[in-house]
Amino acid sequence: MLMNVTPLDKWIADKIGGRPEPLKLRAYQLDRLRETLVHAKKNSRFYAASLRDVNPDDIKTTDDIARLPFTAPADIATAPNDFLCVSPREVGRIVTLNTSGTTGKPKRVFFTDDDQELTVDFFHHGMTTMTDETDRVLICMPGSTPGSVGDLLKKGLSRFGCSSIVYGPIRDDADALDTIINEKITCIVGIPAQIISLARLSEHTAIKPKLKSVLLSADYVPNAAYEIIRNVWGAAVYEHYGMTETGLGGAVACDAHDGYHMREADLLYEIVDPVSGLPVPDGIYGEVVFSTLTRCGMPLIRYKTGDRARMLTQPCPCSTVLRRLDRVTNRLNEPVTLTGSAALSVTQLDEIVHSEPSVSRYSAELRTADSQDCLHITVRPSGKAAELDMLRGHLEASLPHLFSTGKLLLDIEEGTVGYFTTGTLKRQITDSRC
């Protein structure tokens, strides 16, 4: 089957001055990395100290990158202003990210107008993967302020004549569905759990939207999302990987729907062993690490994302020579440890709970009951009532090492699902144990 080559192929080729063959692209990235090291050492208090013993001219090969120190999220939370490499007057956007860590300190990420223009350019070309000038896109991401992801995405779409509406994260499924139908939307960009919930509602309505494509971003995408969206709307499902620290845009799937093509003219990605910090071979899972190559305001060098993924080893069916990052499986700090050292993560629950058609949304909480760990799940039904017994059976059958052994009690109820995300905080299992 013939498919379109990812538009990032030509986009990156134009940026680096020729077809992005691996050796040519890597030489370009090393050049930009050395320039970034010089800029950061000179202008950032953090990197002036961190890179004190680093000579940028010594970074000549891929192997040399491993000699550079990592940057951790806690470093930004502790002293965000120490990362700033420009005058505060040159900052066009500051994003404050609340963290779920023990320190509770928020991270602040700074962008100049030129930094944001790089993201708009990436969105412009990346979105042509799944849309064209005939489409109308509903952006179900934050977009009420200038420089927010929805605002930048709208600007990127407009550059090739594609119209869009910034709706924002979905709180009211019925209203969002009405908007899709009334505005004749053909593509949705949104947060996976919210789009799954929207599709479940659409299953029970007489009028179905005529959607061509759906782009899921900002959180883990369960396999069930693909089946639900395709069955209900007949739409092609794409994924985007990125975070505020990458400049919002990071990597996007192509028509092959098998991994992500990375924003490699602006970002240099690595996979490292989360314990040793050493790079791992392609095909081996580890922690995703990236360095910015073209950012001026707040460059980041070997930033540890906490996400688990791998580089795929086979060429992409779309025929590009670009590498692919495999789908992110989970966050390394996501699993909650249970009594007896067993662990449970929200990504495990996603695959099970979202496969139950009667469930629209859910939240999960660990409690203590009768001196034991108890998983309490609250579900919102997609129709008249949720099949709680069916869901219980799915969970017990899928996680027998937890439930059949008595290590974990299970309590499921139908109710109001209070958890809501705008995408900056990832969903998680709330730990309320005594």
Side-chain angles (χ1 to χ4, degrees), residues 6-8 95 97 109 116 119-131 135 137-144 147-157 162 164-170 176 180 185 187-199 211-226 228-229 233 235-255 257-263 266-267 269 288 290 305-307 309 324-331 346-347 350 354 420-427:
T6 172
L8 297 191
V95 181
L97 301 171
V109 186
Q116 292 196 294
T119 297
V120 173
D121 192 37
F122 171 72
F123 285 162
H124 165 195
H125 292 86
M127 286 301 295
T128 61
T129 304
M130 66 213 75
T131 58
D135 286 303
V137 180
L138 191 71
I139 303 171
C140 300
M141 305 289 285
S144 59
S148 58
V149 61
D151 176 59
L152 299 182
L153 184 54
K154 184 177 181 66
K155 290 177 179 176
L157 289 164
C162 182
S164 61
I165 298 171
V166 180
Y167 184 86
I170 301 173
I180 292 169
I185 297 298
C187 172
I188 307 173
V189 180
I191 300 167
Q194 295 175 10
I195 302 303
I196 290 172
S197 180
L198 188 65
L211 296 175
K212 183 175 79 176
S213 58
V214 173
L215 177 65
L216 302 176
S217 185
D219 206 348
Y220 171 75
V221 180
N223 291 317
Y226 279 79
I228 295 166
I229 292 170
W233 291 326
V237 183
Y238 297 82
E239 291 186 43
H240 169 264
Y241 173 72
M243 57 184 62
T244 300
E245 293 92 323
T246 63
L248 299 173
V252 67
C254 68
D255 289 341
H257 306 284
D258 185 15
Y260 319 118
H261 294 299
M262 295 164 284
R263 185 182 169 183
D266 294 326
L267 301 168
Y269 282 99
V288 179
F290 72 87
T305 67
D307 291 328
R324 284 173 298 152
L325 179 69
D326 201 1
R327 296 178 65 207
V328 172
T329 57
N330 60 269
R331 291 188 60 76
V346 72
T347 53
D350 273 354
H354 284 309
F420 177 79
T421 180
T422 60
T424 54
L425 277 181
K426 310 304 180 187
R427 294 173 311 109

*Asks:* Can you check whether M243 reaches T305 side chain to side chain, under 4.5 Å on heavy atoms?
*Replies:*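 SC-SC contact between M243 and T305 confirmed.
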*Asks:* In the structure I gave you, are the side-chain heavy atoms of I188 and L198 within less than 4.5 Å of one another anywhere?
*Replies:*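 A side-chain contact exists here, since the closest heavy-atom pair is under 4.5 Å.
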*Asks:* What's the separation between atom SG in C254 and atom CD in E239, rounded to the nearest 0.5 Å?
*Replies:*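 Going from the SG atom of C254 to the CD atom of E239 covers 12.0 Å.
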*Asks:* Determine the sole option in V214, V237, I228 for which the side-chain contact (heavy atoms from CB on, under 4.5 Å) test with I195 is passed.
*Replies:*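 Testing each of V214, V237, I228 against I195, the sole residue satisfying side-chain contact (heavy atoms from CB on, under 4.5 Å) is V214.
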*Asks:* Where do V252 and L215 land on the side chain to side chain contact (heavy atoms under 4.5 Å, CB included) test, with the steps shown first?
*Replies:* CA-CA 9 Å; V252 67; L215 177 65; 4.3 Å; yes
*Asks:* Measure the CG-CD1 distance between L211 and I185 for me, rounded to the nearest 0.5 Å.
*Replies:*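 Between L211 CG and I185 CD1, I get 8.5 Å after rounding to 0.5 Å.
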*Asks:* Restricting to non-hydrogen atoms, name the atom on I191 and the atom on M141 that form the minimum distance, rounded to 0.1 Å.
*Replies:*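 Looking at all heavy atoms of both residues, the shortest contact is CG1-SD, 3.8 Å.
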*Asks:* Are any of the side-chain heavy atoms of H261 and T129 separated by less than 4.5 Å?
*Replies:*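 Counting from C-beta outward, H261 and T129 never come under 4.5 Å.
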*Asks:* Can you measure from CG (D307) to CZ (R327) and round to the nearest 0.5 angstrom?
*Replies:*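 Nearest 0.5 Å value for the CG-CZ distance: 13.0 Å.
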*Asks:* Could you tell me whether the side chain of S213 and the main chain of M130 form a donor-acceptor pair under 3.5 Å?
*Replies:*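 A pair under 3.5 Å: yes.
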*Asks:* State, yes or no, whether a side-chain contact exists between L267 and M262 at a heavy-atom distance under 4.5 Å.
*Replies:*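 Heavy-atom side-chain distance check fails, nothing below 4.5 Å.
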*Asks:* Can you find a pair of side-chain heavy atoms, one from Y269 and one from T246, that are under 4.5 Å apart?
*Replies:*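 Y269 reaches T246 side chain to side chain.
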*Asks:* Using a 4.5 Å cut-off on heavy atoms from C-beta on, say whether the side chain of L157 contacts that of I139.
*Replies:*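 Yes; the side chains approach each other to less than 4.5 Å.
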*Asks:* What is the minimum heavy-atom distance between A309 and V288, and which atoms define it?
*Replies:*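 Heavy-atom minimum between the residues: CB-CG2, 3.8 Å.
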*Asks:* Give the minimum heavy-atom separation between Y260 and V328, together with the two atoms involved.
*Replies:*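 Smallest interatomic distance, heavy atoms only, reads OH-N, 3.7 Å.
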*Asks:* Side chain to side chain contact (heavy atoms under 4.5 Å, CB included) for L248 and F123? Distances and angles first, verdict last.
*Replies:* CA-CA 9 Å; L248 299 173; F123 285 162; 4.2 Å; yes
*Asks:* If you look at every heavy atom in S217 and H240, which pair is closest and at what distance?
*Replies:*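 Where S217 meets H240 most closely, the heavy atoms are OG-ND1, 2.9 Å.
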*Asks:* A side-chain contact here means heavy atoms from C-beta on lying under 4.5 Å apart; do P192 and D350 qualify?
*Replies:*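 A side-chain contact under 4.5 Å is absent here.
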*Asks:* Just verifying a value: how many Å separate C140 SG and I180 CD1, rounded to the nearest 0.5 Å?
*Replies:*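 Atom-to-atom, C140:SG and I180:CD1 are 6.0 Å apart.
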*Asks:* To the nearest 0.5 Å, what is the distance between NZ on K155 and OG on S164?
*Replies:*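 Separation between the atoms: 12.0 Å.
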*Asks:* Over all heavy atoms of both residues, which pair between I170 and A176 is shortest? Give the atoms and the distance, please.
*Replies:*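 Shortest heavy-atom contact: CG2-CB, 3.9 Å.
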*Asks:* Taking all non-hydrogen atoms of both residues into account, name the closest pair between P169 and P142 and its distance.
*Replies:*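 Smallest interatomic distance, heavy atoms only, reads CD-N, 3.6 Å.
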*Asks:* Report the distance from atom OH of Y238 to atom CG of D255, rounding to the nearest 0.5 Å.
*Replies:*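 Reported to 0.5 Å precision, the distance equals 4.0 Å.
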*Asks:* With a 3.5 Å distance limit and no angle check, can you tell me whether R263 reaches the backbone of F122 through a side-chain donor-acceptor pair?
*Replies:*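 The answer is no, because no donor-acceptor pair under 3.5 Å joins these two groups.
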